[in-house]
Colleague: 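Can you read through this structure? Questions will come right after.
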Amino acid sequence: VYILVRLKAVVSTQSTGKMWDYLNLTRIYTKPKGQLPDFNAPVVLKEDNRSIETFCNNLHKAILKDLKYALVWGNSVKYQPQRVGKEHVLCDEDIVQIIKKH
């Protein structure tokens with residue numbers, strides 16, 4: 001199920017955060033190597049299925065087979081960034097950088 005939400009400037013960021021909680025959706029941001037994170041277009045995952053594996057499959061099916069590890073910044077990790085595998089469970093507004101096998 002895909003939900004497209006268009007918010008006007010009058011909606012506060014506090015109500016926007018509540019909306020994500022109510023819909024049980026998690027926003028995950030991508031970070032290409034050597035660049036800043038892309039906060040404009042998050043990958044949206046369901047709250048009950050937010051692993052690195054699911055994140056990769058949402059981007060493209062071929063990414064997972066080339067995954068070496070991922071670097072994650074955010075509340076789901078102890079260190080910023082932290083190297084994680086495909087089983088790692090992400091939190092809302094985490095930032096992920098995919099490292100591929102060579």
Side-chain angles (χ1 to χ4, degrees):
V1 174
Y2 292 95
I3 300 172
L4 179 62
V5 179
R6 187 171 208 164
L7 300 175
K8 294 187 177 189
V10 294
V11 176
S12 71
T13 54
Q14 186 178 23
S15 353
T16 307
K18 288 179 184 177
M19 176 194 66
W20 289 102
D21 292 340
Y22 179 76
L23 294 173
N24 291 323
L25 297 174
T26 303
R27 297 160 288 184
I28 308 298
Y29 300 105
T30 57
K31 182 190 177 308
K33 189 174 182 179
Q35 297 180 25
L36 295 173
D38 180 10
F39 293 110
N40 295 320
V43 175
V44 179
L45 303 176
K46 293 180 183 177
E47 189 71 29
D48 61 345
N49 197 3
R50 48 197 166 101
S51 66
I52 291 291
E53 182 174 7
T54 306
F55 172 79
C56 289
N57 285 332
N58 271 283
L59 294 175
H60 193 280
K61 302 280 184 207
I63 292 176
L64 188 59
K65 71 177 182 178
D66 293 334
L67 175 72
K68 185 174 183 181
Y69 60 88
L71 292 174
V72 177
W73 291 259
N75 291 328
S76 70
V77 292
K78 185 175 181 179
Y79 304 105
Q80 308 293 323
Q82 186 168 333
R83 180 191 261 194
V84 300
K86 68 180 182 178
E87 300 85 18
H88 179 75
V89 176
L90 299 161
C91 287
D92 190 34
E93 296 189 336
D94 275 357
I95 300 167
V96 176
Q97 180 178 337
I98 301 298
I99 308 298
K100 294 181 179 182
K101 299 174 189 172
H102 295 286

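Side chains are part of it too, since the values below use all heavy atoms of this structure and drop only hydrogens, waters and symmetry mates.
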Colleague: For the CD atom of Gln97 and the NZ atom of Lys31, what is their distance to the nearest 0.5 Å?
Modeller: 4.5 Å
Colleague: Is it the case that one hydrophobic cluster holds both Val43 and Phe39, taking links as side-chain heavy atoms less than 4.5 Å apart, direct or via other members?
Modeller: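 The answer is no; the residues belong to distinct hydrophobic clusters.
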Colleague: Contact between Val77 and His88 at the side-chain level, heavy atoms closer than 4.5 Å - yes or no?
Modeller: yes
Colleague: To the nearest 0.5 angstrom, please state how far the CD atom of Glu93 sits from the CH2 atom of Trp73.
Modeller: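 Rounded to the nearest 0.5 Å, the CD-CH2 separation comes to 16.0 Å.
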Colleague: Does Val96 share a hydrophobic cluster with Val84, counting links as ILVMFWY side-chain heavy atoms below 4.5 Å and allowing steps through other members?
Modeller: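 Yes, same cluster.
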Colleague: Report, as yes or no, whether the 6.0 Å neighbourhood of atom CG on Asp48 holds more than 12 heavy atoms from other residues, nucleotides or ligands.
Modeller: yes
Colleague: Flag yes if Ile99 and Ile95 sit in one hydrophobic cluster, no otherwise; membership is Ile, Leu, Val, Met, Phe, Trp, Tyr, and two members link when side-chain heavy atoms are under 4.5 Å apart.
Modeller: yes
Colleague: Of all heavy-atom pairs between Leu45 and Asn49, which one has the smallest distance, and what is that distance?
Modeller: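 Result for this residue pair: CB-O, 3.9 Å.
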Colleague: Between the side chain of Gln80 and the main-chain N/O of Gly74, is any donor-acceptor distance below 3.5 Å?
Modeller: yes
Colleague: As an exercise, state the distance from NZ of Lys61 to CG of Leu59, rounded to the nearest 0.5 Å.
Modeller: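 Between atom NZ of Lys61 and atom CG of Leu59 there are 11.0 Å.
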Colleague: Could you report the tightest heavy-atom contact between Lys68 and Lys100, atom names first, then the distance?
Modeller: CB-C, 3.8 Å
Colleague: Does the side chain of Gln82 come within less than 4.5 Å of Val72's, by heavy atoms?
Modeller: no
Colleague: Just one of Arg50, Lys46, Arg27 clears the salt bridge (charged side-chain N to carboxylate O under 4.0 Å, His left out) bar with Asp92, so which one?
Modeller: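 Among the candidates, only Arg27 passes.
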Colleague: What's the separation between atom CG in Leu67 and atom NZ in Lys101, rounded to the nearest 0.5 Å?
Modeller: 7.5 Å
Colleague: Please report the closest heavy-atom contact between Ile98 and Cys56, naming both atoms and the distance.
Modeller: CD1-SG, 3.7 Å
Colleague: Restricting to non-hydrogen atoms, name the atom on Ala41 and the atom on Asp38 that form the minimum distance, rounded to 0.1 Å.
Modeller: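 Looking at all heavy atoms of both residues, the closest pair is N-OD1, 3.7 Å.
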Colleague: Donor-acceptor pair, Asn75 side chain versus Asp94 backbone, under 3.5 Å?
Modeller: no
Colleague: Once you round to the nearest 0.5 Å, how far does CG of Leu64 lie from CZ of Phe55?
Modeller: 12.0 Å
Colleague: Could you tell me the separation between the NZ atom of Lys86 and the CD1 atom of Ile63, rounded to the nearest 0.5 Å?
Modeller: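 It comes to 14.5 Å.
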